Amino acid sequence: QVQLVESGGGLVQTGGSLRLSCAASGRIFSINAMGWYRQAPGKQRELVASITSGGSTNYADSVKGRFTISRDNAKNTVYLQMNSLKPEDTAVYYCKAKIIPADSGTYYYPYWGQGTQVTVSS
C-alpha cells in the first residue's frame, strides 16, 4: 500500500540546478527519517543526504554547500534541492523513508522510491 514516488530528475548542464521530490503515499501511520541516495554506473549506492523527523540534516561531503534536503511532513514529502551541479553528480537518485504503515504495529520499514535519473553534462 505504501509507496514512494519520485519526480524532478532530468538533464542539466554543469552549474545548473534540479529539485527532486519524493512523496510517500498510502495508509501511513508514521514516517521517521527520510533520505536521498544515488548510484552511478559501476559504483555502490551512497547516501547523499538525510533528514530526521525533526528536521536535522546530514550530507555527504561531496554535496555539502550545494544540496539541500528538506521535508514537508504534512505532505509526506522529501525534497532535494541540487545546485551547482557537477558531472560527478550524474547518477540514479533514490529516495528512502522509514515508515510504519497504518495498522502495522510499531516497526519502521524501509521503503525506496523507483529512482530518477540525474544527468549533468560537461
Side-chain angles (χ1 to χ4, degrees):
Q1 295 184 24
V2 175
Q3 65 180 77
L4 304 180
V5 180
E6 302 179 28
S7 62
L11 173 64
V12 297
Q13 294 182 338
T14 297
S17 298
L18 285 173
R19 181 177 173 86
L20 306 183
S21 299
C22 175
S25 63
R27 298 183 66 247
I28 296 170
F29 174 73
S30 180
I31 301 178
N32 201 314
M34 306 182 82
W36 290 94
Y37 294 72
R38 67 186 181 188
Q39 188 166 24
K43 297 183 178 180
Q44 292 186 325
R45 187 172 298 185
E46 64 173 345
L47 176 65
V48 177
S50 63
I51 184 167
T52 68
S53 60
S56 297
T57 59
N58 285 285
Y59 298 92
D61 288 341
S62 60
V63 306
K64 286 181 179 177
R66 300 187 298 120
F67 291 10
T68 302
I69 188 171
S70 61
R71 64 192 289 168
D72 185 336
N73 291 333
K75 297 180 179 179
N76 290 335
T77 299
V78 62
Y79 306 93
L80 186 67
Q81 179 67 46
M82 304 184 294
N83 299 325
S84 302
L85 283 162
K86 305 175 181 179
E88 304 94 279
D89 297 318
T90 296
V92 177
Y93 284 70
Y94 300 90
C95 67
K96 179 187 178 182
K98 294 184 176 181
I99 298 173
I100 301 178
D103 303 316
S104 296
T106 60
Y107 186 79
Y108 286 99
Y109 295 90
Y111 287 84
W112 290 88
Q114 80 279 11
T116 185
Q117 178 70 48
V118 172
T119 302
V120 184
S121 64
S122 60

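Note that this is a predicted model, so its numbers are computed, not measured.
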Just how far is it from atom CG of Asn58 to atom CD1 of Ile69, taken to the nearest 0.5 Å? 9.5 Å
Counting only N and O atoms by type, is there a donor-acceptor contact under 3.5 Å from the side chain of Glu6 to the main-chain atoms of Leu20? no
Is any side-chain heavy atom of Val2 closer than 4.5 Å to one of Tyr109? no
Taking the side chain as every heavy atom from C-beta outward, state whether Phe29 and Ile99 have any atom pair closer than 4.5 Å. no
With sequence neighbours excluded, tell me which residues meet salt bridge (charged side-chain N to carboxylate O under 4.0 Å, His left out) with Lys64. Asp61
Checking Arg71 side chain against Thr52 main chain: does a donor-acceptor pair fall under 3.5 Å? yes
Between Ile31 and Asn73, does a side-chain contact (heavy atoms from CB on, under 4.5 Å) hold up when you go through it step by step? CA-CA 8 Å; Ile31 301 178; Asn73 291 333; over 6 Å; no
Least distance between heavy atoms, Leu80 atom then Ala49 atom: CD1-CB, 4.2 Å
When rounded to the nearest 0.5 angstrom, what distance separates OG in Ser50 from NZ in Lys98? 9.5 Å
Do Leu85 and Phe67 have side-chain heavy atoms sitting under 4.5 Å apart? yes
Between Tyr93 and Cys22, is any pair of side-chain heavy atoms under 4.5 Å apart? no
N/O donor-acceptor pair under 3.5 Å between Thr90 side chain and Glu88 backbone: no
Hey, are the side chains of Val63 and Arg38 touching, using non-hydrogen atoms and a 4.5 Å cut-off? yes
Would Tyr111 and Ile51 show up in the same hydrophobic cluster when neighbours are defined by side-chain heavy atoms closer than 4.5 Å? yes
Can you confirm whether Met34 sits close enough to Cys95 that some side-chain heavy atom of one is under 4.5 Å from a side-chain heavy atom of the other? no
Compute whether any side-chain donor of one residue and acceptor of the other, for Asn83 and Ser17, lie under 3.5 angstrom apart. yes
At their closest point, which heavy atom of Ala24 faces which heavy atom of Leu4, and how far apart are they? CB-CD2, 3.3 Å
In the structure I gave you, are the side-chain heavy atoms of Pro87 and Thr14 within less than 4.5 Å of one another anywhere? yes
Hey, mind stepping through Tyr79 and Thr68 against side-chain contact (heavy atoms from CB on, under 4.5 Å) and telling me if it holds? CA-CA 8 Å; Tyr79 306 93; Thr68 302; over 6 Å; no
Could you list the donor-acceptor pairs under 3.5 angstrom formed by side chains in residues 115-122, with sequence neighbours left out?
from	atom 1	to	atom 2	distance (Å)
Thr116	OG1	Gly9	N	3.3
Gln117	NE2	Ala91	O	3.4
Gln117	NE2	Thr119	OG1	3.2
Ser121	OG	Val12	O	3.4

Under 4.5 Å between any side-chain heavy atoms of Arg45 and Trp112, yes or no? yes
Can Leu18 be reached from Trp36 by stepping across I, L, V, M, F, W or Y side chains whose heavy atoms are under 4.5 Å apart? yes
Keeping Tyr59 on the side-chain end and Gly65 on the backbone end, is there a donor-acceptor pair under 3.5 Å? no
If you group Ile, Leu, Val, Met, Phe, Trp and Tyr by side-chain heavy-atom gaps below 4.5 Å, do Leu47 and Val92 land in one group? yes
Nearest atoms (heavy-atom pairs only) where Gln114 meets Val5: OE1-CA, 3.7 Å
